[in-house]
Number of protein chains: 2
Amino acid sequence: MHTLSKNQQIIFDIIDKSPEPMKAYSILFNVQKKGIKAPLQVYRALDKLVEIGKIHKIESRNAFIACQNSSCQVSKATAFSICESCEKVTEINNSSLSKYLSNFKDKAGMKYSKYNLEFFGLCKKCITK
Amino acid sequence: MHTLSKNQQIIFDIIDKSPEPMKAYSILFNVQKKGIKAPLQVYRALDKLVEIGKIHKIESRNAFIACQNSSCQVSKATAFSICESCEKVTEINNSSLSKYLSNFKDKAGMKYSKYNLEFFGLCKKCITK
DNA sequence: TACATAGTGTTATATTATAACATTTAAATT
DNA sequence: AATTTAAATGTTATAATATAACACTATGTA
């Protein structure tokens with residue numbers, strides 16, 4: 001198991017506590033009281049946390065969320081649902097889906113080592129508004 | 001069928017001719033000789049071209065490619081393979097995959113209106129290097 | 001014509017991300 | 001414990017990506 005460094009722990013904690021994905025400069029603003037002053041300090045921690053699978057980047061939003069999936073050691077197979085109204089993001093943990101995608105081969109026979117899937121729609125709350 | 005405006009056509013043409021995804025400022029550089037001088041002129045055309053499905057954004061790369069799929073009118077169901085070595089990107093057109101994903105429902109019962117999937121790996125050329 | 005909608009041109013600025021280099025800390029090896 | 005190595009930190013500067021705001025022009029349609 002990986003032990004986080006000081007900066008990594010600070011930045012993981014704030015992402016983990018957040019109910020929604022956080023952007024890098026919002027993270028920076030929120031950790032300045034803890035002594036983290038520069039964007040690079042944030043980005044380096046983010047890079048490492050993504051690498052070890054503790055957080056994921058929501059590519060379409062340039063934002064980061066803590067991994068919701070206890071069995072997810074590395075960010076090799078990620079899927080998210082994104083509400084286009086309230087921007088709520090949920091990590092999808094569905095074994096049928098992950099099996100289907102992990103075994104997917106395209107016509108050219110290329111075998112993939114990683115995928116990222118983002119679904120967009122309206123969440124239950126927003127659909128009734 | 002949609003008629004492209006002058007700027008939209010210029011920008012679509014250069015993306016369509018490119019063998020690889022193009023980034024916004026690379027597009028800008030390449031169309032300055034045609035009188036397009038400012039980032040916004042590029043981004044506005046890109047937004048519209050994405051909206052009508054003539055191009056797609058590769059989110060993990062902040063880059064744009066022309067739609068390879070003649071039946072794809074709108075960018076509601078996109079899938080790409082991305083070589084992490086040479087950065088070659090190919091649009092995946094696989095009816096089993098698109099059916100599976102279009103019909104996918106998560107546990108919360110949320111029904112999605114759109115998805116984007118990016119596979120990562122090594123293409124055939126790069127795998128033998 | 002006149003009205004509405006979409007597109008253009010422009011300047012300025014916001015947001016996201018990395019380069020480069022010096023230093024410090026932690027971990028692994030002897 | 002001392003040495004070595006890898007990982008992490010701190011800092012300044014800057015690159016790369018993207019949007020706000022406003023004035024104006026072209027196009028389609030009643």
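Numbered from 1 within each chain, the chains take letters A, B, ... in sequence-line order.
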Would you list the protein and nucleotides 4-8 of chain C atom pairs, both N or O, that sit under 3.5 Å from each other?
{"unit_1": "C:dG7", "atom_1": "OP1", "unit_2": "B:Gln8", "atom_2": "NE2", "d": "3.3"}
{"unit_1": "C:dG7", "atom_1": "O3'", "unit_2": "B:Ser5", "atom_2": "OG", "d": "3.2"}
{"unit_1": "C:dT8", "atom_1": "OP1", "unit_2": "B:Ser5", "atom_2": "OG", "d": "2.9"}
{"unit_1": "C:dT8", "atom_1": "OP1", "unit_2": "B:Asn7", "atom_2": "N", "d": "3.0"}

Q) To the nearest 0.5 Å, what is the distance between CD1 (A:Ile52) and CG (A:Asp47)? A) 11.5 Å
(Q) Side-chain N or O of A:Lys37 versus OP1/OP2 of D:dG10: is the shortest distance under 4.0 Å? (A) no
Q. Taking the six-membered ring where the residue is Trp, are the ring centres of B:Phe104 and A:Phe119 under 6.0 Å apart?
A. yes
Q) Between CD1 of B:Ile55 and CG of B:Leu49, what distance do you get to the nearest 0.5 Å? A) 4.5 Å
Q. Out of B:Glu87, B:Glu118, B:Glu20, which one pairs with B:Arg61 under the side-chain hydrogen bond (donor to acceptor under 3.5 Å, both in side chains) rule?
A. B:Glu87
Q) Within this structure, what is the CD1-to-C1' distance between B:Ile11 and C:dG9, rounded to whole angstrom? A) 13 Å
Q.
Between A:Ser96 and B:Tyr100, is there a side-chain donor-acceptor contact under 3.5 Å, judged purely by atom types and distance?
A. yes
**Q.** Whole-Å gap separating C1' (D:dT9) and CG (A:Leu4)
**A.** 15 Å
Q: Output all residues satisfying side chain to side chain donor-acceptor pair (under 3.5 Å) with A:Gln8, sequence neighbours left out; order by chain, then residue number.
A: A:Ser5
**Q.** Atom pair OG1 (A:Thr78) and CG (A:Leu117), whose distance is rounded to the nearest 0.5 Å
**A.** 8.0 Å
Q: Provide, to the nearest angstrom, the distance between the CG atom belonging to B:Leu28 and the P atom belonging to D:dT17.
A: 11 Å
**Q.** Minimum heavy-atom distance A:Phe12-A:Leu4, with the two atoms named
**A.** CB-CD1, 4.0 Å
Q: Mind calculating the distance between CD (A:Gln32) and P (D:dG10) to the nearest angstrom?
A: 13 Å
Q | Interatomic distance, A:Lys34 NZ vs D:dT9 P [rounded to whole Å] | A | 15 Å
Polar pairs (N or O, both sides) under 3.5 Å between protein and nucleotides 14-18 of chain C?
{"unit_1": "C:dT16", "atom_1": "OP1", "unit_2": "A:Lys23", "atom_2": "NZ", "d": "2.5"}
{"unit_1": "C:dA17", "atom_1": "OP1", "unit_2": "A:Lys57", "atom_2": "NZ", "d": "2.7"}
{"unit_1": "C:dA17", "atom_1": "OP2", "unit_2": "A:Tyr43", "atom_2": "OH", "d": "3.1"}
{"unit_1": "C:dA17", "atom_1": "N7", "unit_2": "A:Tyr25", "atom_2": "OH", "d": "2.8"}
{"unit_1": "C:dA17", "atom_1": "N6", "unit_2": "A:Tyr25", "atom_2": "OH", "d": "3.1"}

